[in-house]
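To start, the structure under review is shown below, and the notes come after it.
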Amino acid sequence: MAGVKANSNTDRISELKAFDETKGGVKGLLDSGITKLPSIFHSKQLSVDDRKVASDDVQLSIPIINLKNIHNDSVLRAEVIEKVRYASEKWGFFAVINHGISDDVLDRMIDGMRRFHEQDTELKKKLYSRESGKKVLYSSNYDLYHAQEANWRDTFSCYMAPNPPTPEEMPSVCREIVIEYSEKVTKLAHTLFELFSEALGLNPNKLKDMGCAEGQLLLGHYYPACPEPKLTLGTSKHTDGTFISVLLQDQIGGLQVLYDNQWVNVPPKKGALVINIGDLLQLITNGRFISVYHRVIAQKVGPRISVPIFFRPYVQGGKSYAYGPIKELLSDGNPQIYKEVDFKDYLNHYLTKGIDFVSPLVKFKL
């Protein structure tokens, strides 16, 4: 039996390499006319995860927070801070509206990612890479050789801060909107980190002063229509290796959040952005704010396009960042539960283990 398993593993690695070497991603597979899903995409997780998807009739949904006038109305701001605290402690997810970024910019960002992924494959191939140090790249499944299963998803990646690529390094089909959108989300993130700080009872600038908004990775996910969506996932169950993630999604849907041991749909809302707590914010708040599991289901319709921006340290260039629970949040009644972690160690653990359905934070508990 051991020999059979070894042969099976060898066959899988060969299939992964063959897929990787096409540099066409899952869109390339669909364009080639496949009607059956290759085995590397078959999800074991779907067969073992018997948690129910909450019915839309249950009226269970992530909180929606209106940011209008929070900078000039102290009463309104206090109400919003309380809503942010509740959402961060109970859900780990919430949506924001009236956030200062126009629908026009949001639509153009989605369109820019569509243009990138739907341009001639030979042009995309020039950016195809698995080198994590590259500022701009395109790939399918960053953890292809580490994860237990491949996902039905292609991704554009661009490090936008603190050392962004030159305009010439960025694809012309989406260059202008990526730069514009990144700048606007940075401004929003500064506001969000103020709100998070105040929700923790800290100085409004505490999280910004810790560098939480300094590193920014913009992703453009492309989920083509899937020939056999019951067999795979667009993105497997995972948590984000960030302080926070700011997500723009198109109108197709598919994102689900794990809440109260059931999967809750996060349907698109025109003009809204989805905010979620990442592992690093859970760590520095000593578990007060929660980084929760989420996933994206595969669907017969598509493509689904989403643009998450990750705020996390940028580790290129040898600089080290160490993070541990914020001292002001610790007490006899709330003792430290996480080690101080060098972000390079955390990121290496996150990337090499791949999406394996276990939170990376487990490794760093005291």
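Atom set for the values below is all heavy atoms of this structure, side chains included, hydrogens, waters and symmetry mates excluded. What you see is a predicted model, and the numbers here were worked out from it, not measured in a lab.
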* Validation row: F289, L200 side chains within 4.5 angstrom (heavy atoms) -> yes

* For atom NZ of K184, decide whether the heavy atoms of other residues, nucleotides or ligands shown that lie under 6.0 angstrom number more than 12. => no

* Pairing residues for E169 by the salt bridge (charged side-chain N to carboxylate O under 4.0 Å, His left out) criterion, not counting sequence neighbours -> none

Please tabulate, one pair per line, all N/O donor-acceptor pairs under 3.5 Å involving side-chain atoms of residues 273-284, not counting sequence neighbours.
from: N276; atom 1: ND2; to: D240; atom 2: OD2; distance (Å): 3.1
from: D279; atom 1: OD1; to: T239; atom 2: OG1; distance (Å): 3.0
from: D279; atom 1: OD1; to: S291; atom 2: OG; distance (Å): 2.7
from: D279; atom 1: OD2; to: T239; atom 2: OG1; distance (Å): 3.2
from: D279; atom 1: OD2; to: Y346; atom 2: OH; distance (Å): 2.6
from: Q282; atom 1: OE1; to: S291; atom 2: N; distance (Å): 2.7
from: Q282; atom 1: NE2; to: Y338; atom 2: OH; distance (Å): 2.7

* At their closest point, which heavy atom of I305 faces which heavy atom of I110, and how far apart are they? -> O-CD1, 3.7 Å

* How would you list, by chain and number, every residue that makes a side chain to side chain donor-acceptor pair (under 3.5 Å) with E198, sequence neighbours excluded? -> R77

* For Q119, what residues pass the side chain to side chain donor-acceptor pair (under 3.5 Å) criterion, not counting sequence neighbours? -> none

* Asked: Does D107 have any salt bridge (charged side-chain N to carboxylate O under 4.0 Å, His left out) partners at least two apart in sequence or in another chain, and if so, which?
  -> K270

* Is the NZ or CZ atom of K237 positioned over Y293's six-membered ring, under 6.0 angstrom from the centre and within 45° of the axis? -> yes

* Taking atom types as modelled and ignoring hydrogens, do the side chains of N151 and T235 form a donor-acceptor contact shorter than 3.5 angstrom? -> no

List the atom pairs, donor and acceptor, that lie under 3.5 Å between side-chain atoms in residues 87-98 and the rest of the protein, sequence neighbours left out.
from: S88; atom 1: OG; to: V84; atom 2: O; distance (Å): 2.7
from: E89; atom 1: OE1; to: R85; atom 2: NH1; distance (Å): 2.6
from: E89; atom 1: OE2; to: R288; atom 2: NE; distance (Å): 2.8
from: N98; atom 1: ND2; to: N66; atom 2: OD1; distance (Å): 2.9

* Would you call R12 and E15 a salt bridge, using N to O less than 4.0 angstrom? -> no

* Should R130 and D20 count as an ion pair when the cut-off is N to O under 4.0 Å? -> yes

* Asked: Could R115 and D111 be called an ion pair, given the rule that one side-chain N must be under 4.0 Å from one carboxylate O?
  -> no

